[in-house]
Amino acid sequence: MPELPEIEIVKRSLFKMINKAKIIGIKINNKNLRYKIPNTFSNELINEKILRISRRSKYLILHLKRKLLLIHLGMSGKILLMRARDAAIFKTSFYYNVDKTSKHNHIYFTLNNGFILIYNDVRRFGFFKLFYNIDLNKIPFIKKLGPEPFSKSFNKKYFKNFIKNKIKNIKNLLMDQKFVSGLGNIYVNEILYMCKINPLKSCKNLSSGEIGQLIINTRAVLKFSISKGGSSIRDFKNTLGKTGKFQQFFHVYSMENKNCSRISCKGKIKKMFISKRSSFYCNKCQK
DNA sequence: AGGCATGTTACAGG
DNA sequence: ACCTGTAACATGCC
């Protein structure tokens, strides 16, 4: 999936284009996402106004009157915005499965401001789920999440306290959404490279300085990626169907056998698997 | 052909 | 109850 920066990019463009718009039409082509879309779904959303759009970790939230629509993009979900008049021009490829990707358009929202929102997801690991009269922080998916990387509560004291009695390696720790929420495989690899820390290093052996560096670089890497529109490896597209640019700045992710990008370092980027996930690191500066 | 892919969860076993 | 690791979900790409 899209990790935190990619969701943030989507959130920003949804805010710009469809905040305060009203949902005036819903069409569902495939209910079988990660959670099956109930038959009542369309009735509950029709004529609802989008009052606010927010992000928590890798989740998008559309705030409606007394309802929250929680959206997760899974591994390959995309939200596309199209002007209704353009959709009409491309009607054949838009509504019918003539092109390769449109057969994975699962949900359409027609909005009263001239836009159509399309949910497209090849692997269907993503989901749309509606909650009534509930605080965002009490939603099952949200309530177990650790702090946002940019929040004040993600600090050295919290970090040190969390890793007490833990035997995890640092890579799996950063991947743990209960520890810090929003990071995934790409960004964890990049953050550890920035910190010059080996992904297998046990979190109980981290120095206080390294913990500080991990917090600083987590924020720096995410922020820089957001400024580049997120990363697109294979799937990620923003709401206009454009790819992000952060992948051009990867130091380690997918860079197996390349030279380390630190000029003074003569190391090579190596690949290994940690908990079944590919991990990339420099064999010299991440000893 | 088979392994791999930005994620999460349910489950088994300790 | 907690912790850890693994398999599964569905599809496409190399």
Side-chain angles (χ1 to χ4, degrees), chain A residues 1-11 29-37 55-60 70-79 97 99-106 119-129 139-146 149 162-192 200 202-204 218 221-222 225-226 228-238 243-256 271-280:
Chain A
M1 139 167 126
E3 304 176 38
L4 186 153
E6 292 74 42
I7 306 303
E8 179 64 22
I9 293 299
V10 173
K11 187 208 82 180
N29 279 351
N30 191 342
K31 297 173 198 239
N32 299 306
L33 304 184
R34 177 140 68 96
Y35 304 110
K36 189 168 181 175
I37 294 187
R55 176 192 64 72
R56 173 77 171 91
S57 180
K58 307 172 191 175
Y59 296 86
L60 277 170
L70 188 69
I71 301 172
H72 194 283
L73 304 186
M75 290 276 256
S76 55
K78 287 177 269 294
I79 289 181
N97 299 335
D99 91 37
K100 248 195 180 152
T101 58
S102 64
K103 77 172 172 196
H104 302 297
N105 288 348
H106 307 308
Y119 181 67
N120 178 293
D121 189 349
V122 173
R123 273 165 275 190
R124 307 207 307 275
F125 287 176
F127 67 83
F128 277 46
K129 216 167 166 47
I139 289 179
F141 299 88
I142 303 293
K143 71 178 178 197
K144 58 188 175 190
L145 294 173
F162 191 96
I163 62 180
K164 269 188 193 145
N165 310 318
K166 292 276 194 310
I167 54 159
K168 267 190 178 168
N169 62 57
I170 181 59
K171 192 198 173 202
N172 282 339
L173 179 75
L174 293 178
M175 296 283 283
D176 181 354
Q177 303 299 304
K178 294 195 284 299
F179 170 60
V180 60
S181 59
L183 305 180
N185 204 28
I186 292 178
Y187 293 105
V188 168
N189 275 290
E190 294 297 322
I191 290 161
L192 290 172
L200 286 174
S202 167
C203 61
K204 64 172 188 280
T218 294
V221 168
L222 296 176
S225 177
I226 292 168
K228 296 296 172 191
S231 30
S232 300
I233 323 178
R234 186 176 291 166
D235 285 314
F236 176 68
K237 299 258 171 53
N238 67 23
T243 59
K245 299 244 185 308
F246 183 69
Q247 67 281 7
Q248 296 169 16
F249 301 91
F250 285 170
H251 288 104
V252 285
Y253 187 82
S254 78
M255 294 296 178
E256 194 181 6
K271 178 178 178 175
M272 66 176 155
F273 281 88
I274 300 176
S275 300
K276 305 257 165 103
R277 307 289 245 123
S278 56
S279 304
F280 302 88

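Here is how names work: the chains are called A, B, and so on, in the same order as the sequence lines, proteins then strands, and each is numbered from 1. Reckoned from all heavy atoms, side chains included, excluding hydrogens, waters and symmetry mates.
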Check every atom of [options] against the side chain of [X] and return the nucleotide holding the closest atom.
{"X": "F273(A)", "options": "dT6(B), dC4(B), dC3(C)", "result": "dC4(B)"}
{"X": "V122(A)", "options": "dT9(B), dT4(C), dG12(C)", "result": "dG12(C)"}
{"X": "H72(A)", "options": "dT6(B), dT4(C), dT8(B)", "result": "dT8(B)"}
{"X": "K276(A)", "options": "dT9(B), dA7(C), dA10(C)", "result": "dA7(C)"}

Given the [atom1] atoms of [N] and [M], what is the spacing between them in whole Å?
{"N": "dA10(C)", "M": "dC11(B)", "atom1": "P", "result": "16 Å"}
{"N": "dG12(C)", "M": "dT8(B)", "atom1": "P", "result": "22 Å"}
{"N": "dC4(B)", "M": "dT6(C)", "atom1": "P", "result": "14 Å"}

Contact class for [X] (heavy atom, under 4.0 Å): base, sugar-phosphate, or nothing?
{"X": "F250(A)", "answer": "nothing"}
{"X": "S278(A)", "answer": "sugar-phosphate"}
{"X": "Y187(A)", "answer": "nothing"}
{"X": "K144(A)", "answer": "sugar-phosphate"}

Along DNA chain C (nearest heavy atom to each residue), the more 5'-positioned of S275(A) and R34(A):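 Checking each residue's closest nucleotide, the 5'-ward one belongs to S275(A).
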
Base of dT8(B) and ring of F125(A) stacked, centres under 5.5 Å, planes under 30°: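 It does not: the two rings, one from F125(A) and one from dT8(B), miss the stacking criterion.
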
N or O in side chain of [X] less than 4.0 angstrom from [N] OP1/OP2:
{"X": "R277(A)", "N": "dT6(B)", "answer": "yes"}
{"X": "K103(A)", "N": "dG12(C)", "answer": "yes"}
{"X": "H104(A)", "N": "dA10(C)", "answer": "no"}
{"X": "K58(A)", "N": "dT6(B)", "answer": "no"}

What is the distance, to the nearest angstrom, from the [atom1] atom on [X] to the [atom2] atom on [N]?
{"X": "N185(A)", "N": "dA5(B)", "atom1": "CG", "atom2": "P", "value": "8 Å"}
{"X": "I274(A)", "N": "dT6(C)", "atom1": "CD1", "atom2": "P", "value": "13 Å"}
{"X": "N165(A)", "N": "dT4(C)", "atom1": "CG", "atom2": "P", "value": "10 Å"}
{"X": "K178(A)", "N": "dT4(C)", "atom1": "NZ", "atom2": "P", "value": "9 Å"}
{"X": "K78(A)", "N": "dT6(B)", "atom1": "NZ", "atom2": "P", "value": "14 Å"}
{"X": "F162(A)", "N": "dC3(C)", "atom1": "CZ", "atom2": "C1'", "value": "11 Å"}
{"X": "K171(A)", "N": "dG7(B)", "atom1": "NZ", "atom2": "C1'", "value": "12 Å"}
{"X": "Y253(A)", "N": "dT6(B)", "atom1": "OH", "atom2": "P", "value": "3 Å"}

Short N-O contact, D176(A) and K168(A), less than 4.0 angstrom: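 Yes, D176(A) and K168(A) are salt-bridged.
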
Pairing partner of dA10(C) (Watson-Crick or G-U wobble, both distances under 3.5 Å):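 Pair assignment: dA10(C) / none.
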
N185(A)-K171(A) side chain donor-acceptor pair, cut-off 3.5 Å: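 Yes, a side-chain donor-acceptor pair sits under 3.5 Å.
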
Any S57(A) side-chain heavy atom under 4.5 Å of L4(A) side chain: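 No. Closest side-chain heavy atoms not under 4.5 Å.
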
Flag side-chain contact, heavy atom, 4.5 Å: Y253(A) against E190(A):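 Contact flag for Y253(A)/E190(A) side chains = yes.
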
Parallel, tilted or perpendicular, as decided by the 30° and 60° cut-offs, for the rings of F127(A) and H72(A):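 Correct class here is parallel.
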
K129(A) charged N/C atom sitting above Y35(A) aromatic ring, 6.0 Å / 45°: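 Cation-pi check for K129(A) and Y35(A): passes.
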
